[in-house]
*Asks:* 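Structure incoming, see below.
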Amino acid sequence: MAVAPIPFQLPNITKFKIALCQLSVTSDKNQNLDRASRSIRFSVEQGAKLVVLPEMWNCPYSSDYFAKYAEDFDNRDASPTWSMLSEAACCHGITIIGGSLPEWDHGRLYNTCCIFGPDGKLKAKHRKIHLFDIDIPGEISFKESDTFTAGDQPTIVDTEVGRIGIGICHDIRFPELAALYRKRGVDIICYPGAFNMSTGELLWELVQRARAVDNQLFVATCSPSRNSTGSYTIWGHSTLVGPSGEIIVTSGHEETTVIAEIDYSNIQLQRKSLPLDDQKREDIYKFIDVHELNP
Ligand SMILES: NC(=O)CCC(=O)C(=O)O
């Protein structure tokens, strides 16, 4: 039997500011940490209560670097990135979606997003579920599964700024994950990401708007800024999309911090005027076997 979605409940906080820190990433880890820390401080000065960082912001997006830059989060003293994020969340009293970082755990490497609450404590950890393996001859070849182990859990976290679902970059291509989050009452899905020049132009905005409009919720993405040196060129364009698929704010490809307001009453409005949940025909999707369909 299909599980009924959790009905929308307006979170305690209805309106707040979100910041998307589109950071320039270098091969100097300390410099990356410094940049992130300054961008978080700037976001707070602009009134942000939720700050989102990009995929792989302490480390260049390259299989040659992931292991070298990885940190073991169980060994906090040896995890400068963890310490910086935890201190920033606590000192500014905000929620931080910590982008993603290469994480060591018992000899395995994960592409991991850490979420910190305003007390500086870790609230959740999402390990990228769908690893990015692509091979378009003459254009792009990248195989995350050569270095990373895939996560095996969706991540839903209750925060001061609503119920948040997490995905990392390629996770956004899988509508099932977003639909699951919607069913579990998520208000906003945050996807730290680092799309590339081959797929970015055609698809990056499209998939964000699709996930938002299908599920009538907010989608926030945060990318590193475009690098012109490495073998993998990043598309950029961090964006906030609203529950009717509208782009609320977006950036170019340069380093920037984007601030926008989220108003959760828009979810309520959208779902009331167009009650997709009530209109869904799970009976049909479930019971018609693909072999019964006419070719
Ligand atoms: N880092 C990634 O997961 C990139 C995903 C991507 O570019 C895609 O086309 O999918």
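Order of listing sets the numbers, starting from 1, for every ligand and every atom in it.
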*Asks:* Please check if the distance between the ring centroids of Tyr232 and Phe142 is under 6.0 Å.
*Replies:* yes

*Asks:* With the threshold set at 4.0 Å, does a side-chain nitrogen-carboxylate oxygen contact exist between Lys128 and Glu144?
*Replies:*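 Result for this pair is yes, salt bridge flagged.
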
*Asks:* If you measure from each non-hydrogen atom of Tyr232 to ligand 1, which part falls under 4.0 Å: side chain, backbone, both or neither?
*Replies:*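 Tyr232 to ligand 1: side-chain contact only, backbone stays beyond 4.0 Å.
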
*Asks:* Taking only heavy atoms of Glu55 into account, list the atoms of ligand 1 that are under 4.0 Å away from them.
*Replies:*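 Near Glu55, meaning under 4.0 Å from one of its heavy atoms, ligand 1 has 1 (N), 2 (C).
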
*Asks:* Among protein heavy atoms, which sits nearest to atom 4 (C) of ligand 1, and what does the distance come to when rounded to 0.1 Å?
*Replies:* Cys169 SG, 3.2 Å

*Asks:* Can you figure out which of Met56, Arg173, His170 has its heavy atom closest to atom 9 (O) of ligand 1?
*Replies:*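 Among Met56, Arg173, His170, the closest heavy atom to atom 9 (O) of ligand 1 comes from Arg173.
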
*Asks:* For Thr257 and Ser39, test the side chains for any donor-to-acceptor distance below 3.5 angstrom and give the result as yes or no.
*Replies:*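 Their side chains do contain a donor-acceptor pair, which is all the 3.5 Å distance test asks for.
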
*Asks:* Tell me: protein heavy atom nearest atom 6 (C) of ligand 1, and distance?
*Replies:*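 Looking only at protein heavy atoms, the one closest to atom 6 (C) of ligand 1 is Phe132 CE1, 3.3 Å.
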
*Asks:* Does only the side chain of Tyr61 get under 4.0 Å from ligand 1, or the backbone, or both, or neither? Count heavy atoms.
*Replies:*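 Just the side chain.
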
*Asks:* Crowded around Phe16 CZ? As in, over 12 foreign heavy atoms under 6.0 Å?
*Replies:*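 Atom CZ in Phe16 is packed in, count exceeds 12.
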
*Asks:* Would a distance-only check, ignoring hydrogens and angles, find a side-chain to backbone donor-acceptor pair under 3.5 Å from Tyr181 to Glu176?
*Replies:* no

*Asks:* Which atoms from ligand 1 have a heavy atom of Ala194 less than 4.0 Å away?
*Replies:*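 The atoms of ligand 1 under 4.0 Å from a heavy atom of Ala194 are 1 (N), 4 (C).
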
*Asks:* Specify the protein heavy atom at minimum distance from atom 7 (O) of ligand 1: its residue, its atom name, and the distance to 0.1 Å.
*Replies:* Asn196 ND2, 2.8 Å

*Asks:* Between Arg127 and Asp105, does any NZ, NE, NH1 or NH2 come within less than 4.0 Å of an OD or OE carboxylate oxygen?
*Replies:*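 Arg127 and Asp105: salt-bridged.
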
*Asks:* Check this for me: Lys125, atom NZ, are more than 12 non-hydrogen atoms of other residues, nucleotides or ligands nearer than 6.0 Å?
*Replies:*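 Check passes, neighbour count above 12.
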
*Asks:* Which protein heavy atom lies closest to atom 3 (O) of ligand 1, and at what distance to 0.1 Å?
*Replies:*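 The protein heavy atom lying closest is Lys128 NZ, 2.7 Å.
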
